[in-house]
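One is the number of the first residue; the rest follow in order along the sequence.
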Amino acid sequence: MSQSDTYIGDMRPIIRQLDEAAINRIAAGEVVERPASAVKELVENAIDAGATRIAIDIADGGKTLIRVTDDGCGIAPEDLPLALARHATSKIDGSDLLNIHSFGFRGEALASLGAVGRLSLTSRAAGHDAARIRVSGSRVDPVQPAALRGGTVVELADLFYATPARLKFMRTDRAETQAISDVVKRLAMAEPSVGFTLRDVSGGGEGRVTFRADAETGDLFDALHHRLARVLGRDFAENALKIDAMRDELRLFGYAALPTYSRGAAVAQYLFVNGRPVKDRMLTGALRAAYFDFLSRDRHPVAALFLDCDPVLVDVNVHPAKSEVRFRDPGLARGLIVSALRHALAEAGHRASTTGGHATLGKMMPEPTGARVYQMDRPSRPARVAAFQAQSPGFSEMQHSYSARVVEDPAPEEPPEHLPLGAARGQVHENYIIAQTETGMIIVDQHAAHERLVYEKLKRQMAENGVAAQALLIPEIVELSDSECAQLLGIADDLTRLGLSIEAFGGGGAIAVRETPAILGEVNASAMIRDILDELADQGDSLTVQARIEAILSRVACHGSVRSGRRMRAEEMNALLREMEATSHSGQCNHGRPTYVELKLSDIERLFGRT
């Protein structure tokens, strides 16, 4: 017997009005998922209050204590009870839920936290005395005088003590602490002009500082660059490209890393809309599409991007935690991200990340040295030439016994060392070109570099001439739902440009595939169509056809490039270097790996104890 069968006669269910405490605990389940959620809400309130310094203390992963101290505007004593009421806020007046310029606006955070934990709120506003109010499990105590010089201190103890079932779903202290750290770092990136300190006080005492970022000064990009260097590391800052682009009423700015500085998972992608950290599938899909041609499927880009627009163009009131947004014109936002990133990557030219050179130097382990041994200063070029000519015949003739040496004249003309990739000096193991620059040396993987050059040439030819399509003798009919057909027909023009021609078939619920890209040869059109639909559902766009076409071009480029094991003449090596300098994206191969590494002369000399 089903449950509904029991409600007969006088046994029908009774509708009851839940009490305020139960309502707050239910609401808290939407707003406060874990300690990191509580930290996010409290720190955002501090930022909205105009704070310039924010200190966050946690204990046991935030389960037993979360304390947020700020130097913001504070709250007057008479307003403290209202601050703990649900849907009470100073951010909006309720007349317009689209024109929002603050982090918070729902007025639920403090009430929700007070419903599931022991909350103490101490604050002092300018011209008022400090006061404190406490609430435990929605039971509010009277306002009391307190001692505080200014700002606000919010202390949340025993989170979820009022809903003990939630404690069973908490993760380990280390995992919760890491989640809190990630939240604080995201907000620190969003507000470079605010100083942040995160301290773990588990076990009592002063605790230890786990993250600190002092307030940055300077213009927007300088402050942001310094803050990103502090949060994401100096390697990211050294290998990041500046992004600044506008389209209509949208502005995109921030920094995105070179393809050769990538990660094995999408854990270092930070996206902000009007300064608010968000996790949006459409935006992450646009980021993936921008790097699509430069990274293999198992590598992910690193970026911190900020999208600013008029608040009326984006709805932030679609999720209680405000982590999701909805754009009025999502296509415009996506297009701006893709075009701006691709333009920046093209402007980077042959540049590769510095991490390759650092890793190379890290593999070199010189013998430990004691005190510095005196070395002569590096002589000038004329002095080097004169010394070379004066050397004993046996030593000076060693160059002729080294078959891969490029220089064949004891006193050669001034080489093009001033160029970015320098002058070829030799080839080792028939695969690596050694070039000398003004400040160091370059090691080039000749096969990977030439493969990228050929690939870029093939892509340019395809862009100029289009993708050749082959007509199917008998069109392939693919049965789909009405909504799936509408999705595909909505991108039919884009697919046609890639050589895949489709059209509606019958009264609906099916499409006819009439042409497929000729470069792919014989394909399973039905399987390809379903792959495209899966990608549309997951990412909001599809790169399936483009991926297959470019995979073919990549294989063609691989077979048509200089092979490993081939000895190259000096002019061939220098020609390869010059073509790399003139070709965008030549700093990485077709799979996102670097085509060359650069070693600075100062680092090399340090290996030999010459500094």
Side-chain angles (χ1 to χ4, degrees), residues 27 30-31 37 40-51 72-73 83 86-112 183 186-194 219-221 223-224 243-256 269-287 289-290 303-341 343 490 539-541:
E30 297 178 338
V31 178
S37 305
K40 172 181 176 292
E41 297 291 342
L42 295 178
V43 174
E44 287 181 348
N45 280 347
I47 295 173
D48 286 339
C73 63
R86 290 189 67 218
H87 305 308
T89 179
S90 61
K91 318 297 174 58
I92 60 174
D93 60 8
S95 61
D96 189 354
L97 291 180
L98 289 179
N99 193 20
I100 295 173
H101 296 267
S102 58
F103 279 109
F105 60 89
R106 299 171 66 95
E108 291 183 309
L110 293 178
S112 297
V183 164
R186 287 178 184 271
L187 291 170
M189 284 186 270
E191 298 291 335
S193 60
V194 179
D219 65 15
L220 171 65
F221 283 98
L224 179 59
I243 309 296
D244 190 9
M246 288 196 68
R247 180 178 294 181
D248 294 343
E249 296 179 280
L250 296 182
R251 182 192 182 191
L252 179 72
F253 65 93
Y255 288 90
Q269 298 175 2
Y270 303 93
L271 300 170
F272 304 81
V273 176
N274 287 346
R276 185 188 306 278
V278 298
K279 295 181 179 179
D280 186 273
R281 286 196 307 169
M282 186 272 291
L283 297 181
T284 55
L287 178 59
L305 299 176
F306 298 77
L307 194 62
D308 278 3
C309 64
D310 191 315
V312 300
L313 299 178
V314 59
D315 187 1
V316 299
N317 191 29
V318 296
H319 189 275
K322 303 181 289 291
S323 60
E324 298 177 9
V325 295
R326 185 170 298 152
F327 288 92
R328 180 177 296 179
D329 187 353
L332 180 64
R334 182 186 183 280
L336 176 59
I337 292 175
V338 173
S339 61
L341 288 176
H343 178 74
Q539 302 291 343
D541 68 308

Do you know which two heavy atoms are closest between [X] and [Y], and how far apart they sit?
X      : Y      : answer
Val314 : Cys309 : CG1-SG, 3.9 Å
Leu187 : Pro277 : CD2-CG, 3.9 Å
Arg186 : Gln269 : NH1-O, 4.0 Å
Ala340 : Ile243 : CB-CG2, 4.1 Å

Taking the side chain as every heavy atom from C-beta outward, state whether [X] and [Y] have any atom pair closer than 4.5 Å.
X      : Y      : value
Leu313 : Glu249 : yes
Phe306 : Leu224 : yes
Leu307 : Leu336 : yes
Leu305 : Leu341 : yes

If I take atom [atom1] from residue [X] and atom [atom2] from residue [Y], how far apart are they, to the nearest 0.5 angstrom?
X      : Y      : atom1 : atom2 : answer
Phe272 : Glu191 : CZ    : CD    : 9.5 Å
Arg334 : Leu287 : CZ    : CG    : 11.0 Å
Arg276 : Leu271 : CZ    : CG    : 14.5 Å

If we ignore hydrogens and angles and just use 3.5 Å, is the side chain of Asp248 paired with the main-chain N or O of Leu250 as donor and acceptor?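 Side chain of Asp248 to backbone of Leu250, a donor-acceptor pair under 3.5 Å: no, none is there.
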For Ser339, all residues meeting side-chain hydrogen bond (donor to acceptor under 3.5 Å, both in side chains), sequence neighbours excluded: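 side-chain hydrogen bond (donor to acceptor under 3.5 Å, both in side chains) list for Ser339, sorted by chain: Arg247.
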Qualifying residues under side chain to side chain contact (heavy atoms under 4.5 Å, CB included), relative to Cys73, sequence neighbours excluded: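 So Cys73 forms a side chain to side chain contact (heavy atoms under 4.5 Å, CB included) with Ala49.
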With Asp244 via side chain to side chain contact (heavy atoms under 4.5 Å, CB included) - residues at least two apart: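 Side chain to side chain contact (heavy atoms under 4.5 Å, CB included) check on Asp244 returns Phe221, Arg251, Phe253.
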